[in-house]
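Only one structure is covered here, and it is reproduced in the block below.
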Amino acid sequence: MKRKVMIDQAKVRVLLLESIHPDAVSRLEAEGYQVESLRNALDEAELIERLPGVHLLGIRSKTQVTAKALEAADSLVAIGAFCIGTDQIDLGTASRAGVAVFNAPFSNTRSVVELALAEIIAMTRRLTEKNNLMHEGVWDKAAVGSHEVRGRRLGIVGYGNIGTQLSVLAENLGMHVSFYDTADKLALGNAQRCASLDELLEQSDVVTLHVDGRPGNAGFFGTEQLAKMKPGAIFLNLSRGIVVDHGSLRDALTSGHLAGAAVDVFPTEPKGRGDEFVSELRGLPNVILTPHIGGSTEEAQADIGDFVANKLTHFIQEGNTTLSVNLPSVALPAQSGTSRIVHVHTNMPGVLAQVNSILAEHHVNVEGQLLSTRGEYGYLITDIGGSFSSEVLDKLQGMSQTVRLRVLS
Ligand SMILES: NC(=O)c1ccc[n+]([C@@H]2O[C@H](COP(=O)([O-])OP(=O)(O)OC[C@H]3O[C@@H](n4cnc5c(N)ncnc54)[C@H](O)[C@@H]3O)[C@@H](O)[C@H]2O)c1
């Protein structure tokens, strides 16, 4: 699959599947690319038929980009996953072919934060219970058990993209914020870092989980952690279903130890829309259950479309791989009047020296150069002033370590 590609920018072909947001289509069309956007996902056989000649492929979560499909993709340089996950793509084969994969890891974080805040207020005011009673015809006008969030302490477990944004907005609502993270994190605003999870659990009126889904986090929040929470506290999980033991959570709620919970993610989730949702948390009062919609807003979808389309455009035009899921991250500002050679290679000693000796032998002047490696692969951008012969490219292409060579000018 060792390929040399020179793409005429005016003839870039883009195939978008699964009804990708119109913002992405317009962004790519504005570059003059030929964009074909299909409503549905394609299966492997259809992809094999459609991919030859396509430079950029855009998918969401349903399209499986298999090794066979990638082998048929003779001109493909990048795949945009217009979503968060990239499990649907054979990343190993993509890397071996020098195909960059991009996704949108941050686009829906604000949506998750807003849902968490809405739920914190709703549970602290016992809105779900009041609402249910009203629908049953009961006028339960009482302040007992209802609180303002102002002045209450929010404990954020996992102070990453989502946890930090929540920290800032919660402080703006007048909440005090504590956080616990296994990594060293800068405290934003007046947030207080806790030295241990126990410290956070013992002091927080609301505990919310925003950890990542690394295998070590499976079941990390169970009976012991729930018991350490303050009596009457509220619990939220909008991170990953596997991190919480739902049997223990049910016990903590039915015993009255916790005053409420909001859960958006579950250890096993129904496959399709309309399928039955089975959970021990169903039917409990002051428990908000949502079908993994933390990041599902129209704004997040538009942001994903824009973000990934931008990544693809920068990759095609400049070869920069910032935030690529599979290739080393390299960003070298483009210089006018130069040609750019992008060299994806297997990561072994001496590749840079070999590339530069080929360039030197042919009296090619290097104006700028940046190399980064990641695991098995290296990614080298070289900016060249003046013209150079096709023999230079043939020699670079002929190197045993070359995975892919691309020339941009
Ligand atoms: N509900 C939804 O629809 C939805 C949408 C987007 C993201 N998510 C999930 O939200 C979670 C957070 O996303 P993010 O973008 O903020 O991730 P992130 O990687 O930026 O942050 C995760 C943080 O958790 C910390 N961490 C990991 N394990 C920990 C542990 N055991 N104890 C304490 N800290 C721990 C990490 O050091 C990191 O700082 C992820 O699991 C993600 O999958 C859910």
Side-chain angles (χ1 to χ4, degrees), residues 60-61 81-88 102-120 154-170 177-188 191-204 207-222 224-226 228-229 235-246 261-270 273 277 279 281 288-304 307-308 323 325:
R60 292 173 65 182
S61 52
F82 286 78
C83 50
I84 314 298
T86 50
D87 304 350
Q88 70 282 36
F102 296 96
N103 66 344
F106 315 123
S107 294
N108 63 5
T109 52
R110 171 73 188 210
S111 302
V112 179
V113 170
E114 289 194 13
L115 181 62
L117 281 175
E119 291 177 333
I120 290 167
L154 172 64
I156 301 173
V157 184
Y159 206 58
N161 296 314
I162 293 173
T164 47
Q165 283 189 62
L166 180 59
S167 172
V168 172
L169 292 187
V177 174
S178 300
F179 72 90
Y180 169 69
D181 199 296
T182 42
D184 281 336
K185 294 283 171 167
L186 174 72
L188 301 182
Q192 287 175 20
R193 156 183 272 282
C194 293
S196 66
L197 179 60
D198 287 358
E199 185 187 331
L200 177 140
L201 299 177
E202 283 156 14
Q203 61 182 225
S204 303
V207 172
T208 183
L209 304 188
H210 299 286
V211 299
D212 54 62
R214 70 186 70 176
N217 279 343
F220 105 97
F221 211 93
E224 199 187 319
Q225 291 69 29
L226 290 160
K228 284 183 179 147
M229 286 174 63
F235 173 79
L236 290 93
N237 183 22
L238 291 90
S239 62
R240 294 293 186 101
I242 51 154
V243 304
V244 178
D245 176 351
H246 281 195
V263 183
D264 186 47
V265 285
F266 301 87
T268 40
E269 297 180 357
R273 211 168 158 186
F277 162 64
S279 166
L281 301 178
I288 301 176
L289 302 177
T290 44
H292 204 147
I293 50 160
S296 306
T297 60
E298 294 188 12
E299 288 77 8
Q301 286 306 314
D303 200 85
I304 288 171
F307 186 91
V308 179
L323 289 179
V325 175

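Numbering of ligands and ligand atoms starts at 1, following listing order.
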Ring geometry between Phe179 and Tyr159 (parallel below 30°, tilted from 30 to 60°, perpendicular above 60°):
parallel
May I have every N or O pair linking ligand 1 to the protein at under 3.5 Å, one per line with atom names and distance?
residue: ligand 1; atom: 1 (N); partner: Leu238; partner atom: O; Å: 3.1
residue: ligand 1; atom: 1 (N); partner: Asp264; partner atom: OD2; Å: 2.8
residue: ligand 1; atom: 3 (O); partner: Gly294; partner atom: N; Å: 3.3
residue: ligand 1; atom: 3 (O); partner: Gly295; partner atom: N; Å: 3.0
residue: ligand 1; atom: 15 (O); partner: Asn161; partner atom: ND2; Å: 3.3
residue: ligand 1; atom: 16 (O); partner: Asn161; partner atom: N; Å: 3.2
residue: ligand 1; atom: 16 (O); partner: Ile162; partner atom: N; Å: 2.8
residue: ligand 1; atom: 20 (O); partner: Asn161; partner atom: N; Å: 2.9
residue: ligand 1; atom: 20 (O); partner: Asn161; partner atom: ND2; Å: 3.0
residue: ligand 1; atom: 28 (N); partner: Asn217; partner atom: ND2; Å: 2.9
residue: ligand 1; atom: 31 (N); partner: Asn217; partner atom: OD1; Å: 2.8
residue: ligand 1; atom: 34 (N); partner: Thr182; partner atom: N; Å: 3.3
residue: ligand 1; atom: 37 (O); partner: Asp181; partner atom: OD1; Å: 2.6
residue: ligand 1; atom: 39 (O); partner: Asp181; partner atom: OD1; Å: 3.4
residue: ligand 1; atom: 39 (O); partner: Asp181; partner atom: OD2; Å: 2.6
residue: ligand 1; atom: 39 (O); partner: Lys185; partner atom: NZ; Å: 3.2
residue: ligand 1; atom: 41 (O); partner: Val211; partner atom: O; Å: 2.6
residue: ligand 1; atom: 43 (O); partner: Arg240; partner atom: NE; Å: 2.9

By salt bridge (Lys or Arg N to Asp or Glu O under 4.0 Å), Glu299 pairs with (sequence neighbours left out) none
Check salt bridge (Lys or Arg N to Asp or Glu O under 4.0 Å) between Glu199 and all other residues, then give those that pass, not counting sequence neighbours.
none
Test ring pair (Phe, Tyr, Trp, His ring centres under 6.0 Å) applied to His292 and Phe266, step by step
CA-CA 8 Å; His292 204 147; Phe266 301 87; 8.4 Å; no
Please identify each residue that fulfils side-chain contact (heavy atoms from CB on, under 4.5 Å) with Arg60, with sequence neighbours left out.
Glu18, Ile20, Phe82, Gln301
Do the non-hydrogen side-chain atoms of Asn108 and Thr297 ever get within less than 4.5 Å of each other?
no
